[in-house]
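Taking it in order: structure first as structure tokens, then the write-up.
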Amino acid sequence: MRVKDYQAILQAASEVLGGAMHVVDSEGITILYNEEMAKLEKANVKDVLGKPFRESFSFIPEEESTLYRALIKNEPTLDKQQTYLNIYGKEITTINSTVPIVVDGKVVAALEVARDITDIKDMSDTILDLRSGISVKGEPEKSKENKGIRRYVFDDIAGQNAAFEEAVAKARKAAKNDVSVLIYGETGTGKELFAQSIHYDGLRSKKPFLAQNCAAIPASLLEGVLFGTAKGGFTGAVDRAGLFEQANGGTLLLDEISAMPYELQGKLLRVLQEEYIRRVGGEKDIPVDVRIIATINEPAEKLIEEGTLRSDLYFRLAILNISIPPLRERKDDIPVLVKGFLGKYNKRFGTAVEKISDDAMDKLMRHDYPGNVRELENIVMAALSMTESGNCLEEQDIITGNGYRKNPEGVADFELGDESLSRYMERIEKSIIRRHLMANKGNVSRTASELGMVRQNLQHKIKKYNL
């Protein structure tokens with residue numbers, strides 16, 4: 001079989017198997033460059049295939065090229081972030097793994113597989129720049145304090161349940177000292193409300209409060225977001241301060257910390273112990289003074305047993321441990337919470353609903369609230385936005401569950417009816433987005449913040465659902 005035939009077979013196989021692939025031979029000539037890689041690098045297969053890769057990607061410095069290191073130095077590169085210019089000079093960011101192919105002790109080729117993270121990288125850079133007050137794409141500089149974001153204090157926390165009041169009492173004690181705090185609570189219980197209250201009623205209230213959901217950013221980018229990047233640390237890296245530097249003197253909330261990669265948890269532990277960070281790719285140790293508040297939404301013992309939370313990091317963070325009870329265990333707080341939500345959304349909607357009927361309250365009390373306080377708030381908000389009952393919410397105004405039911409094992413389940421799963425999920429998503437848009441009077445940025453979405457993604461959903 002001719003060499004060209006082998007190449008054609010490899011090219012076809014790569015298209016069937018999927019994934020972005022680029023293979024060069026021992027002379028640096030591209031012998032495989034599939035459509036997926038061409039799509040990622042915004043290039044044409046014919047402009048790269050059969051040509052020296054250094055000619056096709058001359059924008060990449062030779063010493064920074066992972067293909068060059070694999071081919072010439074026999075050095076593999078695994079899950080390496082690269083920001084570089086493609087064949088047409090367009091900047092893209094990828095996560096690459098590049099390995100030398102060795103036969104009889106000699107490197108005969110180099111194989112690279114890649115994943116496009118350009119949009120995610122742009123998003124994380126923009127977030128960091130906005131938080132640090134740097135002007136982004138010509139927009140005016142913004143204050144670190146980000147005055148449009150609501151700050152919560154203990155007066156905003158409502159509840160009289162004994163277990164809940166115990167959690168609040170612990171949080172108030174935490175505000176009076178400076179130790180690390182670990183907050184456990186199911187989704188929707190108000191963990192960030194507690195974290196902000198500890199900060200803004202505490203010793204560091206005049207300093208920055210920054211928050212990062214560890215599950216919201218790919219593992220490959222999270223280290224740079226937290227610790228910053230140094231120019232030359234990887235292809236396309238620039239000097240940029242991370243969240244630790246930006247929060248210096250203040251508080252950094254690390255939400256869903258168990259979603260942080262295990263290796264990165266070890267680096268975080270070292271930072272907490274030694275009180276300095278080193279930017280990704282940097283050599284300089286930078287002292288930082290940051291209080292950490294971390295949150296988890298499953299019991300720590302379970303996370304440690306499953307290997308998603310390091311036990312040594314847990315003990316370093318849980319100097320003060322706060323557990324927020326779920327709403328189903330503090331249903332005696334529902335009336336006071338409903339009263340607060342009525343006041344909040346009456347003001348926002350311009351309505352004057354002052355009461356809730358006994359039947360409506362009974363319906364709220366019977367519900368299990370898999371979404372906790374956040375779900376109760378959404379139920380009240382929806383009822384206020386749609387009610388025609390005058391100044392009193394009636395039972396028919398209260399819509400609970402959105403299709404939730406409990407299966408025999410007590411686990412939340414759904415009734416799909418005749419709908420497909422995707423259609424059912426789209427209907428729920430559309431309803432939730434509409435409610436929040438109405439509550440925020442069409443303000444996309446505020447709605448995106450409430451829903452934990454990127455603004456551009458929310459705009460796409462709004463267009464998709466014609467809202």
Side-chain angles (χ1 to χ4, degrees), residues 77-81 95 124-125 127-128 131-132 174 177-184 191 195 198-199 202-204 207-234 237-296 298 300-322:
T77 304
L78 301 178
D79 292 331
K80 181 77 171 181
Q81 179 181 325
I95 297 295
S124 64
D125 287 349
I127 290 171
L128 284 173
R131 281 171 167 166
S132 65
N177 59 53
D178 211 29
V179 300
S180 299
V181 180
L182 183 69
I183 303 174
Y184 161 66
K191 295 186 291 293
I198 291 170
H199 173 79
L203 305 173
R204 297 174 180 253
K207 297 295 184 178
F209 175 89
L210 298 180
Q212 177 60 56
N213 187 315
C214 298
I217 291 183
S220 53
L221 291 180
L222 186 56
E223 184 176 358
V225 168
L226 293 177
F227 304 137
T229 57
K231 188 175 182 179
F234 52 87
V238 298
D239 286 320
R240 177 178 278 109
L243 295 181
F244 268 87
E245 289 179 73
Q246 293 179 23
N248 196 33
T251 302
L252 178 58
L253 169 62
L254 296 177
D255 195 18
E256 295 189 59
I257 196 163
S258 59
M260 181 182 291
Y262 205 77
E263 180 184 356
L264 186 53
Q265 289 183 33
K267 294 181 180 180
L268 173 62
L269 176 63
R270 190 161 57 249
V271 169
L272 297 179
Q273 292 171 338
E274 299 176 358
E275 298 184 338
Y276 69 81
I277 59 101
R278 182 176 294 179
R279 292 182 179 182
V280 176
E283 299 178 355
K284 178 183 176 183
D285 292 334
I286 303 171
V288 289
D289 172 24
V290 177
R291 182 185 199 177
I292 296 296
I293 300 178
T295 74
I296 52 177
E298 293 184 90
E301 297 78 9
K302 179 176 182 288
L303 296 171
I304 292 171
E305 185 179 340
E306 292 175 346
T308 57
L309 178 64
R310 292 178 62 116
S311 59
D312 49 4
L313 178 61
Y314 164 73
F315 290 117
R316 180 62 182 79
L317 290 171
I319 297 174
L320 205 157
N321 210 330
I322 299 171

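In this chain, numbering begins with 1 at the start of the sequence shown. Just so you know, these numbers use all the heavy atoms, side chains as well, and skip hydrogens, waters and symmetry mates. Just so it is clear, the structure is predicted and the values come from calculations on it, not from any experiment.
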| Least distance between heavy atoms, Gly224 atom then Thr229 atom |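 Scanning both residues, the minimum pair turns out to be CA-CG2, 4.1 Å.
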| What's the shortest heavy-atom distance between Ala247 and Pro208, and which atoms? |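 For Ala247 versus Pro208, the nearest heavy atoms are CA-CB, 4.2 Å.
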Hey, is the main chain of [Y] close enough, under 3.5 Å, to the side chain of [X] for a donor-acceptor pair?
X      : Y      : result
Asn248 : Asp289 : yes
Gln265 : Thr308 : yes
Arg291 : Val179 : yes

| query | Name the one of Leu268, Ile293, Thr295 that satisfies side-chain contact (heavy atoms from CB on, under 4.5 Å) with Leu254? | reply |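 For Leu254, the side-chain contact (heavy atoms from CB on, under 4.5 Å) check succeeds only for Leu268.
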| field | Partner of Phe244 under side-chain contact (heavy atoms from CB on, under 4.5 Å), chosen from Leu210, Val225, Leu252 | value |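 The passing option is Leu252.
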Would you say that more than 12 heavy atoms from the other residues, nucleotides or ligands in this model lie under 6.0 Å from the [atom1] of [X], or not?
X      : atom1 : answer
Glu263 : CD    : no
Gln273 : CD    : yes
Glu305 : CD    : no

| request: Give the intermediate values and the outcome of side chain to side chain contact (heavy atoms under 4.5 Å, CB included) for residues Arg279 and Lys284. | output: CA-CA 8 Å; Arg279 292 182 179 182; Lys284 178 183 176 183; over 6 Å; no
| request: Quick one: do Asp255 and Lys191 satisfy salt bridge (Lys or Arg N to Asp or Glu O under 4.0 Å)? Show the steps, please. | output: CA-CA 9 Å; Asp255 195 18; Lys191 295 186 291 293; 5.2 Å; no
| message | Does the Lys NZ or Arg CZ of Arg310 fall within the cation-pi geometry relative to Tyr262 - under 6.0 Å from the ring centre and within 45° of the axis? | response |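 Yes.
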